[in-house]
Asks: 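Sharing a structure with you now.
Quick caveat, the model's predicted, so the values are computed rather than measured. Below, read A as the first sequence line, B as the second, and so on, with proteins coming before strands; counting in each chain starts at 1.
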Protein chains: 2
Amino acid sequence: MSGIKDVAREAGVSIATVSRALRGLPRVSDETRERVLAAAARMEYVASPHAASLKSGQTRTVGVVVPNVTRWFFGSVIHGAEELLRQEGYDVLLYDITGDPEARHRLFSTHLLSKRVDAVMVLAVRPTPEEVASLVRVGSPTVVVGGYVPEWPSVRIDDVLASRTAVRHLIELGHERIAHIGGTPDPEHAGLQLPTPHDRLEGYRQTMAEAGLAIEPGWEAYGDFTARGGLTACQQLLDAPTRPTAIFAASDEMAIGAVHALRKAGLRVPEDISVVGIDDHELSEFFDLTTVAQPAHDLGHRGARILLDALAGHTPTGLVLPTRLVARGSSAGAP
Amino acid sequence: MSGIKDVAREAGVSIATVSRALRGLPRVSDETRERVLAAAARMEYVASPHAASLKSGQTRTVGVVVPNVTRWFFGSVIHGAEELLRQEGYDVLLYDITGDPEARHRLFSTHLLSKRVDAVMVLAVRPTPEEVASLVRVGSPTVVVGGYVPEWPSVRIDDVLASRTAVRHLIELGHERIAHIGGTPDPEHAGLQLPTPHDRLEGYRQTMAEAGLAIEPGWEAYGDFTARGGLTACQQLLDAPTRPTAIFAASDEMAIGAVHALRKAGLRVPEDISVVGIDDHELSEFFDLTTVAQPAHDLGHRGARILLDALAGHTPTGLVLPTRLVARGSSAGAP
DNA sequence: TTGAAAGCGGTACCAT
DNA sequence: ATGGTACCGCTTTCAA
């Protein structure tokens, strides 16, 4: 594999000139530039990113920290971010730290991350204050997508509002007994996660209260944002003293699990029980699931944009993207 | 951020000793090593991966080339691979080259990839012979997951067999009019993709022929491996002169789209038409979809293992993982 | 406009 | 067991 020296020799110039010519810097005569470009092309020369990074201090790489690429929302965000980043010449380093707090800590607290990337995108992972401080100190631009961490700009939806939209939809359909499947138990005190589950629960409670509707015992269950969790949670809900006529799940995957649990219990959706989720997962349409859509792909794209701008010296500002109700067949009037 | 020199000064040794001590190399006294370790920890020192790469020629990074992280199968494979790679101290560079042949070409043909990573995992992307040659020439260990490229070891399932399992299941249920939704049209001549769609089509045709069953005109449609594509394809299938009593889709996502199309057309699944897919997508269970399961996560894990072994000097060998029929509610006896 | 040379921060060889 | 030092392949002054 040829290096810059080979190109220099081939083009009959110094390596400094090759470097300038190849990067499109000024102070290179057109004729020289052309000769260098030709030589580089002929030799299939590509500059070593490591050598360049070492000297310039830039890695042209951004790190994406995510709890689980398998989940639709995260995959979509990454996809949206990757697209723009690659287009701008940045590589994406993927850090999937599924449920391993130690791995998370190693990542955030050591300077590993900062030595390898120019900027960081954090998805649904909540670093401890010390970890945040460590990253902030290093100065790498960081953006949070789909959540909120005070020290960093974030691209997200209004989770409380999304919940309100979902619950209000059910109320407008005439439901009064509405239960909730949240993401995590006790979201108020969970230190290592973003406010998302808490906000969605909050939106549910607020809307119920404002409508003068009571939340009966056993109407709040938790599904860990997975379909299987949603299924289990839904089964618990059915055991509540008062059976709800509608279920609002904090994610589509949990909603899908809930629908399945209902069918297995011999209940019809939406005739007996309505179900609404949040996300508009790509398969939700095929499930005929009513949901509050959030623009996952776009969240990733905007997050990447913010990082790119920050890298260009701009001061980054957060962003709240709109959601919208997508009424489908899983919700109908109260029985 | 402190460098190796700072640590050396702090520990009162030379940088060479620091390097050795930190990497656990021999010829460092226990006492010295301890002092160096302590100093490094105190200063939160982390070696610059770029500097190390520059000298050692190793990047401790593997590149994963994938057409679309959003798709369940790819996400799962990446997840499986990432887990093992990170554990072994490798970073994962993600190249999502969704439907951009030019991006693919740039990636494979320039030495960009080879200068940035020690090894490459390719998912469902088929490089041209020249692109393959380029990577082979550079000598980076490469593995193909979920497909097959002659020059490289691959980790995959037996796609023909998976199809046969699905179709035989339908035949055993008494179906004789079985249609197929394939991944891509004209899979025999598509140069830039893996044999997967072709093999699955082949398995369908073989099994039908062996059972003495005819494939009527209009019984082969294509859904691009997406739910929406499956929906459209299924609608075409319903327009065939002879209506099938069962549909075998080459992926669960297409099968899910097909089920939705059937329901929209007023048909019941499985009473009127049975549907079977391939994958065992994480949501298939909640769809009550019969399918032939493939171990996506494990495919990724094994692929990573092969890469790691190759990096350690072993000669890599491909691997074919087993699939199994998961009979659920979307398939039943012929009406 | 071009070239020479000093690093960037480590690794690895050769002395000691 | 330790230290000195020549690189790795580029970028970036500084001179010419």
Asks: Looking only at the side chain of A:A16 (C-beta and beyond, no hydrogens), which of the listed nucleotides C:dC8, D:dT11, C:dG3 gets closest?
Replies: C:dG3

Asks: Please give, in whole Å, the distance from D:dC7 P to A:H50 NE2?
Replies: 22 Å

Asks: C:dA5 P sits how many Å from A:K5 NZ, rounded?
Replies: 13 Å

Asks: Is there a side-chain contact between B:E88 and B:Y90, using heavy atoms and a 4.5 Å cut-off?
Replies: yes

Asks: Measure CZ/B:R60 against P/C:dG10 and give the value in whole Å, please.
Replies: 17 Å

Asks: Quick one: does A:P153's side chain get under 4.5 Å of A:L319's, heavy atoms only?
Replies: no

Asks: Report yes or no: is there a donor-acceptor pair, N or O only, under 3.5 Å between the side chain of B:R23 and the base of C:dG10?
Replies: no

Asks: So if I take every side-chain heavy atom of A:A52 and compare against D:dA1, D:dC10, D:dG3, which nucleotide ends up nearest?
Replies: D:dC10

Asks: Using a cut-off of less than 4.0 Å, is there contact between a side-chain N or O of A:S29 and OP1 or OP2 of C:dT2?
Replies: yes

Asks: Quick check: do A:N68 and B:H79 have side-chain heavy atoms less than 4.5 Å from each other?
Replies: yes

Asks: Is the shortest side-chain N/O distance from B:S56 to OP1 or OP2 of C:dA12 below 4.0 Å?
Replies: no

Asks: Find the distance A:L22:CG to D:dT12:P and express it as a whole number of Å.
Replies: 14 Å

Asks: Give the nucleotide from the list C:dA12, C:dT2, D:dT2 with an atom nearest to the side chain of B:T17.
Replies: D:dT2

Asks: So, OP1 or OP2 of D:dT11: does either fall under 4.0 Å of a side-chain N or O from A:S19?
Replies: yes

Asks: Looking at A:K115, does any N or O in its side chain come under 4.0 Å of the phosphate oxygens OP1/OP2 on C:dG10?
Replies: yes

Asks: Starting at atom CD of B:Q58, determine the distance to atom C1' of C:dT11, rounded to an integer number of angstrom.
Replies: 11 Å

Asks: State, with a plain yes or no, whether a side-chain heavy atom of A:R86 is found less than 4.5 Å away from one of B:R106.
Replies: no

Asks: Reading DNA chain C from 5' onward, which residue's closest nucleotide shows up sooner: B:R20 or B:L54?
Replies: B:L54

Asks: Please say which of B:K55, B:H50, B:K115 ends up in a side-chain hydrogen bond (donor to acceptor under 3.5 Å, both in side chains) with A:H50.
Replies: B:H50

Asks: Please determine if a side-chain N or O atom of B:S14 lies less than 4.0 Å away from the OP1 or OP2 oxygen of D:dG3.
Replies: yes

Asks: Roughly how many Å is it from CD1 in A:I4 to P in C:dG3, rounded to a whole number?
Replies: 12 Å

Asks: Pick base, sugar-phosphate or nothing for B:T32, based on heavy-atom distances below 4.0 Å to the nucleic acid.
Replies: sugar-phosphate

Asks: Could you give the CD1-to-P distance, from B:I15 to D:dA6, as a whole number of Å?
Replies: 12 Å

Asks: As an exercise, state the distance from CD of A:E83 to CG of B:D96, rounded to the nearest 0.5 Å.
Replies: 8.0 Å

Asks: Tell me which nucleotide among C:dG9, D:dT2, C:dT11 gets nearest to the side chain of B:A51.
Replies: C:dG9

Asks: Let me spell it out: for each of A:S48 and B:E31, pick the nucleotide of DNA chain D with the closest heavy atom. Which residue's pick is nearer the 5' end?
Replies: B:E31

Asks: In whole angstrom, give the distance that lies between atom NZ of A:K55 and atom C1' of D:dC7.
Replies: 15 Å

